[in-house]
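Reading through the structure tokens given below for one structure.
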Amino acid sequence: MQTKIIAHRGASKYAPENTMDAFKIAYEMGAEGIETDVQLTKDHVPVLIHDENVKRTTNGTGLVNNYTFTEIKQLDAGAWFNQSFAGNTILSLEEFLQWFVHKPLYLNIELKNNKIEYKNLESIVYEMLEHFQLLNRSTISTFNPNSIKRMRRYRKHVEVAFLTSRRNRNLAQLTKDLGGNALHVKYRLLHANLVEQCHQKNMPIRVYTINKTVRMFNCYKYGCDGIFTDVPDKALHVRNLYTN
Ligand code: G3P
Ligand code: CA
């Protein structure tokens, strides 16, 4: 199976991360999947933003969970990247899925609950995916092992990926023991044996964040199931070179 090219926070090299523009550009470039990050507002609305604090990627300040959805929607999430993207706003997961559901893409939603343990984030996201009938082409991932354990009850219906940048002698087995059925790892953890161990357990392995040509080649060579990249156009080009 070909390594899937997944746009990391959308085509985040070319547009402000996790915005509608970044997702649309990724799709137009030919990305086969989209990765995005979810946090919860004060009124429990799942929104797409990487950091717990809005400061880096908007014109606001303070924690996401100190804003109501109406308040957070007033922020500009594009101008920090380039003035031409001004007017982009933080998307709710629902707004994003209304666009995504009509596209033939794979989806990875990362729960950003490793710093703040948002209550019920797992069930809020799961139920939203169920509502849009997207469970069979989605993965929910998190760095938080306790959150993986809480999602055990969902793993028959949706793929649950353990995300990690930490070395461990048997990451594939650890993922299984936690209750996950996919592994997402930082590039420095990648080696041929790990891919083999995952595949022996029938477990997809995907790698982040792959923007360099040599790293792309290695991921393709090892047979990784997916790469997360800020440059989906480049990843497609390199994959064409690799396969031809
Ligand atoms: O899901 C892969 C990757 O996005 C995890 O790291 O910091 O980019 O969310 P980060
Ligand atoms: Ca992420």
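Please read all numbers here as calculations on a predicted model, not as lab measurements. Order of listing sets the numbers, starting from 1, for every ligand and every atom in it.
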Side-chain heavy-atom pair H184, T139 within 4.5 angstrom cut-off: yes

If only protein N, O or S atoms under 3.0 Å count, total around the Ca ion (ligand 2): 3

Any V64 side-chain heavy atom under 4.5 Å of N53 side chain: no

Ionic contact status for E122 with R152, cut-off 4.0 Å: no

Geometric class of the Y220/Y242 ring pair [parallel <30°, tilted 30-60°, perpendicular >60°]: tilted

H44 and Y118 aromatic centres sub-6.0 Å: no

Contact check, side chains of T229 and M216, non-hydrogen atoms, under 4.5 Å: yes

For ligand 1, run through the N/O pairs with the protein that fall under 3.5 Å and put one pair on each line.
unit_1: ligand 1; atom_1: 1 (O); unit_2: E35; atom_2: OE2; d: 3.0
unit_1: ligand 1; atom_1: 4 (O); unit_2: H8; atom_2: NE2; d: 2.9
unit_1: ligand 1; atom_1: 4 (O); unit_2: E35; atom_2: OE2; d: 2.8
unit_1: ligand 1; atom_1: 7 (O); unit_2: H50; atom_2: NE2; d: 2.8
unit_1: ligand 1; atom_1: 8 (O); unit_2: H8; atom_2: NE2; d: 2.8
unit_1: ligand 1; atom_1: 8 (O); unit_2: R9; atom_2: NH2; d: 2.8
unit_1: ligand 1; atom_1: 9 (O); unit_2: H50; atom_2: NE2; d: 3.1
unit_1: ligand 1; atom_1: 9 (O); unit_2: E110; atom_2: OE1; d: 2.9
unit_1: ligand 1; atom_1: 9 (O); unit_2: K112; atom_2: NZ; d: 2.8

Test item: side-chain donor near acceptor, S12 and D230, under 3.5 Å: yes

Check ion pair D51-R56 (N to O, under 4.0 angstrom): yes

Ring-ring centroid check F23 F100, cutoff 6.0 Å: no

